[in-house]
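Computation of the quantities below employed the complete heavy-atom set of this structure, encompassing side-chain atoms and omitting hydrogens, waters and symmetry-equivalent molecules. Throughout, a chain's letter reflects where its sequence line sits, starting with A, and its residues are numbered from 1.
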Number of protein chains: 2
Amino acid sequence: MSPDDITGGRGRRHYTRGVGRWEPGAGDRLREAALTLYLERGFEQTMVADIADRAGVTARTFFRYFADKREVLFDRSAELERSALAALEAAPATASTLEAVAAALSAAADLIGQDRELARKRQAVIMSTADLRERELIKLADLSAALAEGLRRRGVPAAEAALATEAGSAVYRVAFQRWVDTEDGTLDLHEAIRQSFAQLHTLTTPH
Amino acid sequence: MSPDDITGGRGRRHYTRGVGRWEPGAGDRLREAALTLYLERGFEQTMVADIADRAGVTARTFFRYFADKREVLFDRSAELERSALAALEAAPATASTLEAVAAALSAAADLIGQDRELARKRQAVIMSTADLRERELIKLADLSAALAEGLRRRGVPAAEAALATEAGSAVYRVAFQRWVDTEDGTLDLHEAIRQSFAQLHTLTTPH
DNA sequence: CCGTTGATGTCATCAGGTGACATCACCTTA
DNA sequence: TAAGGTGATGTCACCTGATGACATCAACGG
């Protein structure tokens, strides 16, 4: 172990000479390494130690940043929940229940809809693995529950709140998938969501 | 190990004298043992070896019956999917998309709605543990996907099919939770589902 | 009576995950 | 400037979930 090993480069030493004690941004490096490896080899074939190596840390450090091997793809969802909830709370008091939910989804689309390529990669990995689909679903369910609580604080009855946010979640899932799948570069996520809401309306009023 | 150990009783030997080679119904014993222990100590606190002991088998046998520690609570869902799908396919050609979905949910309610006490126990365990909630959600998502495929086979466009079954799934989840939570012994699951469908209709037609 | 069969046990091994403690450079403060 | 605190990390030990390979044993069919 010569002093030359002190590089901070990938998979080597972890110190850096002048700036800070450790190469900063271990969390980001881990996120990036994980997505890359999950895409290249698949989720099950990738071991936590591999991800950690590629990010220049140990497996123990991985688990200090992320609760488990899946969470590395999902820990941004806390932000998403915050801004969706904020948008719901910012909706005018005159808004209908579903309009408030739509405002929340629109805020989510603002964040997610920026980078379709990233969304595609993430979605490809997630949809290819049951473990990751499970995590994705519970994150959306938790978001839905948070929004439902927000609705209740606005005076919406519990049953109505739960149904509205679950339906909103369904709309979002379908729209997101359509947005990711389409070749059409002009379709943005907001528009896809709007269309799905319209379709839900049509569905529930058949005659 | 005297011959007297050959009893087939819980946590002891596994042979039985006359009937079959092994005490039959290992799967059922494991299911029951798991639910009991998950209720008593919680899911994380229960080890597979504990469940296996209580059922009179080894942990290796547990994993021959169930893919993982969670699946022991969910492997009946294959049946559920079959009968829901059958009901959807049996719906008259004149039925609307949502009516076909409602028929499928009704078939599901026929199975689940029989034993509210069992449903309550199961739900209590599942809702108390993130791992189990994840599994529950993916099972419902898979059911929804299967129904959507059934709708597409009936000629329903893909986007409409996905949205209808996801919305139906939302209706089911909300109704089921309400049915489990209520004290009212006269409310049955079918009725709860009917009410949630009605509420969804109200929600989407605000004026 | 014997070979096959199927459910099970035993053993070994790996990957995910966690607690306890050591380390090391930076930072604060006297 | 020396002493001690701090925070991110490494190291080690250990548990549990999960899986592959192989042995066992009673029933069953010929």
Can you find a side-chain donor-acceptor pair between [X] and [Y] that sits under 3.5 Å?
X	Y	answer
B/T182	B/R178	no
A/Q45	A/E40	no
A/Q199	A/Q195	no

Give [X] one of three labels, base, sugar-phosphate or nothing, depending on what nucleic acid heavy atoms sit under 4.0 Å from its own.
X	result
A/A49	nothing
A/A26	sugar-phosphate
A/A59	nothing

Whole angstrom is fine here: how far is it from [atom1] in [X] over to [atom2] in [N]?
X	N	atom1	atom2	value
B/K69	C/dG17	NZ	C1'	13 Å
A/E44	D/dT19	CD	C1'	14 Å
A/E71	C/dG16	CD	P	16 Å
B/F63	D/dT16	CZ	C1'	9 Å
A/F66	C/dG16	CZ	P	15 Å
B/F62	D/dT19	CZ	C1'	14 Å
A/D131	C/dA15	CG	P	16 Å
A/D68	D/dT16	CG	C1'	15 Å

Is [X] close enough to [N] that one of its side-chain N or O atoms is under 4.0 Å from OP1 or OP2 there?
X	N	value
A/T58	D/dT9	no
A/T61	D/dA8	no
B/Y65	C/dT8	yes

Item to complete: Just compare D/dG17, C/dG9, C/dG16 and give me whichever is closest to any side-chain atom of B/V57.
Response: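 Selected nucleotide (nearest to the side chain): C/dG9.
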Determine whether any donor atom in the side chain of [X] lies under 3.5 Å from an acceptor atom in the base of [N], or the reverse, and answer yes or no.
X	N	answer
B/R70	D/dG17	no
A/R60	C/dG19	yes
A/R64	D/dG7	no

Discussion item. Just to verify, what does B/F43 make a ring pair (Phe, Tyr, Trp, His ring centres under 6.0 Å) with, not counting sequence neighbours?
Written reply: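 Applying ring pair (Phe, Tyr, Trp, His ring centres under 6.0 Å) to B/F43 gives B/Y38.
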Practice prompt. Give the intermediate values and the outcome of side chain to side chain contact (heavy atoms under 4.5 Å, CB included) for residues A/I112 and A/Y172.
Written response: CA-CA 11 Å; A/I112 302 297; A/Y172 177 83; 3.6 Å; yes
